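Predicted, not measured: the structure shown is a model, and the values here were computed from it. Scope of the values below: all heavy atoms of this structure, side chains included, with no hydrogens, waters or symmetry mates. All ligand and atom numbering here is 1-based and tracks the order in the structure.
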Amino acid sequence: MLPYGRQTVDEADRRAVLEVLESDWLTTGPKVSEFEQAFADFTGSREAVAVCNGTAALHAAMFAIGIEPGDEVIVPAMTFASSANSIVFQGGTPVFVDVDPETLLIDPEKVEEKITPRTKAVMAVDYAGQPCDYQALRLVAERSGLILIADASHSLGAACHGKPVGSLADLNAFSLHPVKPMTTGEGGVITTDDSQFAERMRLFRNHGITTDHRQREAQGSWFYEMVELGYNYRITDFQCALGLSQLKKLPEWIRRRQEIAGAYNRAFADIPTIEPLKVKSDIEHGCHIYVIQLDLEHLSMGRAEIFRALRAEGIGVNVHYIPVHLHPFYRERFGTGPGLCPVAEAAYERILTLPLFPSMTENDVSDVITAVGKVMNYEARV
Ligand SMILES: *Cc1c(COP(=O)(O)O)cnc(C)c1O
């Protein structure tokens, strides 16, 4: 089965990790700050804070901006659960907003309608690797004094109006899970130009303690103070060594992802029952996932059947995502449910994610195209 996404790990990556395993620092050593600096440089931001996963990155961002009970954060329904969960971790209320039907990205006009006196922030999600309209979102946020957060888990390496993702929102959170654009096994990073936010997040990832063990050792001191309720959200040194090695290859991987997406676009242009997501002009697409929308009105099979038919062909299709407000937790805790975000709900019924990752061979790509053609042509004849 060809998976929808997978990591690329080479000999240089393995050597980088081994080197750290043989050194003195397994965690919070020199590689963490080296990786943070490289990540900040890559994303054109002043500060990068590395943590143990993307969910922790989002949580740290919610802590940094001071989300607390009573605060609302606007978040799109079409995302992974942890975008919204990070708001709830801090006692905040996620306010789900609908998406654009063609891009499935947060709709800035609909964001405006959701703003109340309790709104503190807007969290945009660069769904599929396409950056949101940060110019429009910035205007909306500034008019109401809101902080703009990017869940950029899909879009590392992408850009908008020539500016790299990571420099587009006040805080930008990344995931380094193996299916994401690059990996540290598990991992996450938050970028920001605000040194106070960065300092709060460094505190937060280390139990809320003001110094780390390396700093105390350097000072020859045992004393430390816990000044906030933080977590152990640290990332290890060997993960950051892997991250440094992976980051060097990222631009080439993005280029390969774009090439595969281009091949899919050309192949599916003639199949009227398939609509790829719309790509806006003036963006550099990260091509994290390749999502098609099925024209179910002109198909006799449902999405579930097409899903099964493609799986039977060895194509590991997937569905991203079940709208978050439809999950039982959110229905029960926040009273959300069907009808709240109709565009996301309708899209959910007809989306499929096809395999897309840099190490796919030309054969893999043509296998996907052939299988999709087979399943859909069969449909066309019905
Ligand atoms: C992967 C992902 C996350 C969570 O990242 P983890 O590293 O798995 O914790 C959050 N939001 C989105 C949109 C994601 O795709």
Side-chain angles (χ1 to χ4, degrees), residues 3-7 35 39 48-63 73-90 94 96-97 99 103-106 121-132 134 148-158 165-166 168-169 171-191 201 204-205 231-236 239-240 242-243 246 257 277 285-291 318-325 327 329-330 341 344 347-348 351 353 356-357:
Y4 82 87
R6 71 166 270 130
Q7 71 277 13
F35 177 54
F39 204 95
V49 178
V51 294
C52 57
N53 58 62
T55 304
L58 288 162
H59 187 186
M62 292 299 106
F63 172 80
V73 179
I74 297 171
V75 62
M78 184 52 78
T79 185
F80 182 57
S82 73
S83 311
N85 295 353
S86 69
I87 302 160
V88 183
F89 293 160
Q90 285 301 108
F96 295 101
V97 65
V99 291
T103 60
L104 305 188
L105 295 174
I106 192 168
V122 179
M123 184 189 293
V125 177
D126 296 338
Y127 180 78
Q130 172 156 230
C132 299
Y134 285 98
L148 183 57
I149 311 286
D151 180 344
S153 298
H154 293 187
S155 56
L156 178 61
V165 166
L168 299 169
L171 289 149
N172 311 268
F174 297 88
S175 166
L176 305 176
H177 181 276
V179 298
K180 302 296 162 78
M182 61 164 269
T183 190
T184 54
E186 296 279 0
V189 182
I190 318 94
T191 61
M201 292 188 290
F204 187 67
R205 74 171 168 194
Y231 290 72
N232 179 354
Y233 276 171
R234 293 183 306 250
I235 189 169
T236 66
Q239 285 175 292
C240 288
L242 177 56
Q246 292 255 308
R257 284 177 177 276
L277 295 181
H285 205 307
C287 295
H288 167 54
I289 49 176
Y290 190 89
V291 175
N318 217 303
V319 174
H320 298 96
Y321 293 97
I322 301 162
V324 181
H325 67 287
H327 286 301
F329 171 81
Y330 283 98
C341 297
Y348 164 60
I351 47 179
T353 303
L356 173 56
F357 52 91

Participant: Ring centres of His288 and Tyr127 under 6.0 Å apart?
Facilitator: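 That pair fails the under 6.0 Å test.
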Participant: Does a donor on one side chain sit under 3.5 Å from an acceptor on the other, for Asn318 and Thr353?
Facilitator: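 Short answer, no.
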Participant: Centres of the His320 and Tyr4 rings: under 6.0 Å?
Facilitator: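 Yes, the ring centres sit under 6.0 Å apart.
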Participant: Does the ring center of Tyr231 lie less than 6.0 Å from the ring center of Phe204?
Facilitator: yes
Participant: Can you produce the list of protein nitrogen or oxygen atoms under 3.5 Å from a nitrogen or oxygen of ligand 1, alongside each distance?
Facilitator:
| residue | atom | partner | partner atom | Å |
| --- | --- | --- | --- | --- |
| ligand 1 | 5 (O) | Ser175 | OG | 3.3 |
| ligand 1 | 7 (O) | Gly54 | N | 2.8 |
| ligand 1 | 7 (O) | Ser175 | OG | 2.7 |
| ligand 1 | 9 (O) | Gly54 | N | 3.4 |
| ligand 1 | 9 (O) | Thr55 | N | 2.9 |
| ligand 1 | 9 (O) | Thr55 | OG1 | 2.6 |
| ligand 1 | 11 (N) | Asp151 | OD2 | 2.7 |
| ligand 1 | 11 (N) | Ser153 | OG | 3.4 |
| ligand 1 | 15 (O) | His154 | NE2 | 2.9 |
| ligand 1 | 15 (O) | Lys180 | NZ | 2.9 |
| ligand 1 | 15 (O) | Tyr321 | OH | 3.1 |

Participant: Looking at Phe39 versus Phe174, is the centre-to-centre ring distance below 6.0 Å?
Facilitator: yes
Participant: Determine whether the aromatic ring centres of residues Tyr330 and His325 are separated by less than 6.0 angstrom.
Facilitator: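 Ring centroids of His325 and Tyr330 are no less than 6.0 Å from each other.
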